[in-house]
Amino acid sequence: MFRRLISCSASPAVRRSAVLAGAAIIGFSLSGMVRAETLTVWDDHDSESRAAVMAELNGRFKEAHPDITLDHTIRDFADLNMTLKLAVSSGDGPDVTKVNQGAGAMGLMVKEHLLVPVDDFIAEYGWDKNQSESLLARDRWSDKGEFGVGPTYGISSLAEIVGLYYNEKVLADAGVELPLKSFEDLKAAADKIKEAGKTPFMIGTAKGHLTLHMLAGITQAHIDASDRKALDDLVYGHGGTFDTPGNVESAKIVQDWAQDGYFFNGYQGISGDDAVQLFVSGEGAFLISGTWYFGDMKANPDIHFMPIPGPKGVEHPLSVGGVDLAWAITSIAKEDGTKALAGEYINYMVSEDAAVTWAKAGYLPASSVPADADIEVTPLLSEGIKIWKSLNENNAIGHYPDWASPTMLKTFDDNTPLLLAGQETPQELIDKLDADYQAYMKSK
């Protein structure tokens, strides 16, 4: 078991107080105004482990700001996506919120002037010193609806990688040798697991987006980082097509697995979160999803994480990912004092102190963790840190394809169950995705 303990001269409580006190003083003196009395916050940290981290962070923020009321609401991803824009439009939404960076959420909200640029806070607090330009670009939208350029409308707390979770014990019992060096190795391992009478892939499709992540993960693992321009152009709305041989082939692979019994029996009746809990309990050999499940997965020491391997000949395969939903300030925060307090809140959520707290819970922070932090790094987090470093070094962080249009997530959700059930061919799925994208491009 990988273990790293780093000593620190000051206690965590002392460091924490210093960080919060410093943030409060800096925020007040630079803003030069009286803060608001209430800050309304929405986030999507709905799992038990992530909610616990947020409760801890919010508690510290309130300790440092005893004069304000923090009105905090947790919504799951689907609920947040569905209600946020409407709530802010009606004047009844949050001051600070998590928001999906894609065209269907952040893009539409920017177009309707429902979000406030945070570039002044980036300069004030130096957020660009902790996160790369390529990550911050995922929070930029121009007034003309161009993705990846223009003002910055948010910043994230966590790094995200969609990869391959595997249960080392299940693989060993079936005679599968590690490491899996190529996509061909992964397919052969899945065959061997099935032959042994075990479930190759855990998945649940009643709720969540595991199928989307599986399709995108497989497709992008077949793209070398040196050949990523077409994907970048597609997702950033510069043009292109979903109708590629790689997308069609990935859809065929996933459909074949579903039809041939490679998925957990009854996967259509369980959610993605249910599938994760079953995987943690020892069901299945593989699960394709993101690092946001690290906190859940660490309960089983047999579970490990790796990038989805590319086929032979692809030197630096892309991995779907980037950062979690961005912290953003909405147009509800009309008063300068509310905006200043919102900036302070977000500054703490992306601070080193917050990064340490997330890391202690087993999650991969987007901001750097101080070298003197007293952290026991779990095996999963150790693997995630190494992967994140390698992906950044090789420019191999891919994209969530649903960011490509305002309705793309719904198009995926409506059609992937049909693909898995054999009621839609791979080409028909891709045709619908591309029709969605081309319609959006014409409407811009």
Side-chain angles (χ1 to χ4, degrees), residues 35-46 54 68-122 138-157 207 209 235-237 323-346 349 400 402-414 436-437 439-444:
R35 287 192 196 88
E37 295 181 354
T38 300
L39 189 70
T40 304
V41 177
W42 288 7
D43 72 48
D44 65 324
H45 293 300
D46 60 321
M54 282 304 301
I68 67 108
T69 298
L70 188 62
D71 182 4
H72 174 234
T73 300
I74 300 173
R75 298 181 181 273
D76 67 30
F77 177 85
D79 185 31
L80 184 67
N81 250 16
M82 184 182 303
T83 60
L84 178 61
K85 179 175 170 291
L86 180 62
V88 176
S89 298
S90 67
D92 192 32
D95 302 305
V96 175
T97 186
K98 297 291 288 299
V99 59
N100 192 326
Q101 291 92 330
M106 184 180 281
L108 283 178
M109 293 185 75
V110 168
K111 185 177 182 180
E112 297 186 20
H113 307 289
L114 299 176
L115 296 179
V116 176
V118 297
D119 297 278
D120 287 347
F121 292 116
I122 291 175
R138 298 170 190 239
D139 295 302
R140 293 190 177 126
W141 282 90
S142 76
D143 294 338
K144 297 179 181 179
E146 299 165 311
F147 191 13
V149 296
T152 315
Y153 287 92
I155 188 169
S156 298
S157 299
K207 184 179 180 181
H209 306 287
V235 173
Y236 283 132
V323 284
D324 71 333
L325 272 62
W327 287 109
I329 302 173
T330 76
S331 57
I332 299 291
K334 297 184 183 300
E335 302 297 328
D336 288 342
T338 306
K339 291 177 187 175
L341 181 60
E344 285 186 42
Y345 180 84
I346 295 176
M349 290 300 142
Y400 295 104
D402 58 285
W403 288 7
S405 88
T407 53
M408 190 62 69
L409 182 60
K410 185 177 187 303
T411 301
F412 268 103
D413 287 347
D414 288 349
D436 180 308
Y437 182 73
Y440 171 59
M441 292 300 294
K442 289 180 182 177
S443 72
K444 292 176 66 175

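Predicted model, so just to flag it, every value in this text is computed and none were measured. Computed over heavy atoms, backbone and side chain alike; hydrogens, waters and symmetry mates excluded.
- Residues Asp119 and Thr152 have side chains that bring a donor and an acceptor to within less than 3.5 angstrom of each other.
- Nearest heavy atom pair, residue Met408 against residue Asp402, reads CB-O, 3.5 Å.
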**Message:** Show, in sequence, the C-alpha distance, side-chain angles and deciding distance for Gln101 and Ser156, and conclude whether the side chain to side chain contact (heavy atoms under 4.5 Å, CB included) test is met.
**Reply:** CA-CA 10 Å; Gln101 291 92 330; Ser156 298; 3.4 Å; yes

**Item:** Residues Phe77, Asn100; criterion side chain to side chain contact (heavy atoms under 4.5 Å, CB included); working and verdict
**Value:** CA-CA 9 Å; Phe77 177 85; Asn100 192 326; 3.2 Å; yes

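- In this structure, Trp42 has no ring-ring contact (aromatic ring centres under 6.0 Å, His included) partners at least two apart in sequence or on a different chain.
- A pairwise comparison of heavy atoms in Tyr345 and Val96 identifies CD2-CG1, 4.0 Å as the closest pair.
- Arg75 is linked by a side chain to side chain donor-acceptor pair (under 3.5 Å) to Asp79, counting only residues two or more places apart in sequence or in another chain.
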**Item:** Working for side chain to side chain contact (heavy atoms under 4.5 Å, CB included), residues Tyr440 and Thr407
**Value:** CA-CA 9 Å; Tyr440 171 59; Thr407 53; over 6 Å; no

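- Thr38 and Asp71 share no side-chain donor-acceptor pair at under 3.5 Å.
- Looking at residues two or more places apart in sequence or on another chain, you find a side chain to side chain donor-acceptor pair (under 3.5 Å) between Lys410 and Asp414.
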**Request:** Report the C-alpha distance between Ile329 and Ile346 in whole Å, list the side-chain angles of each, state the deciding distance to 0.1 Å, and finish with yes or no for side chain to side chain contact (heavy atoms under 4.5 Å, CB included).
**Result:** CA-CA 9 Å; Ile329 302 173; Ile346 295 176; 3.7 Å; yes

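- Looking at every heavy atom in both residues, Leu39 comes nearest to Leu341 through CB-CD2, 3.8 Å.
- Across Ala326 and Asp139, no two heavy atoms sit closer than the pair CB-OD1, 3.2 Å.
- Salt-bridge check for Lys98 with Asp44: passed, with a basic side-chain N closer than 4.0 Å to an acidic carboxylate O.
- Taking Lys334 as the reference, nothing meets the side chain to side chain donor-acceptor pair (under 3.5 Å) condition, with sequence neighbours excluded.
- If you take CG on Asp95 and OG1 on Thr40, they are separated by 4.5 Å, rounding to the nearest 0.5 Å.
- Not one N or O on the side chain of Thr97 forms a donor-acceptor pair closer than 3.5 Å with the backbone of Val99.
- Not counting sequence neighbours, the partners of Asp413 by the side-chain contact (heavy atoms from CB on, under 4.5 Å) test are His209, Leu409.
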**Message:** Walk me through whether Ser405 and Asp436 qualify under side-chain hydrogen bond (donor to acceptor under 3.5 Å, both in side chains).
**Reply:** CA-CA 7 Å; Ser405 88; Asp436 180 308; 2.5 Å; yes

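- Trp141 places no side-chain N or O within donor-acceptor distance of the main-chain N or O of Met109, the cut-off being under 3.5 Å.
- Between Lys111 and Asp143, the closest side-chain pair of non-hydrogen atoms is not below 4.5 Å.
- No more than 12 heavy atoms of other residues, nucleotides or ligands shown are found within 6.0 angstrom of NZ on Lys442.
- In terms of heavy-atom proximity, Gly237 sits nearest to Lys444 at O-NZ, 3.0 Å.
- One finds no salt bridge joining Glu146 and Arg140 here, because no Lys/Arg side-chain nitrogen approaches an Asp/Glu carboxylate oxygen to under 4.0 Å.
- Here the side chain of Thr330 pairs a donor or acceptor atom with the backbone of Pro94 at under 3.5 angstrom.
- Nearest heavy-atom pair across Leu108 and Pro406 is CD1-CB, 4.0 Å.
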**Message:** Determine whether Trp327 and Ser157 satisfy the following criterion, side-chain hydrogen bond (donor to acceptor under 3.5 Å, both in side chains), listing intermediate values before the conclusion.
**Reply:** CA-CA 8 Å; Trp327 287 109; Ser157 299; 2.8 Å; yes

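- With sequence neighbours left out, Tyr153 forms a ring-ring contact (aromatic ring centres under 6.0 Å, His included) with no residue at all.
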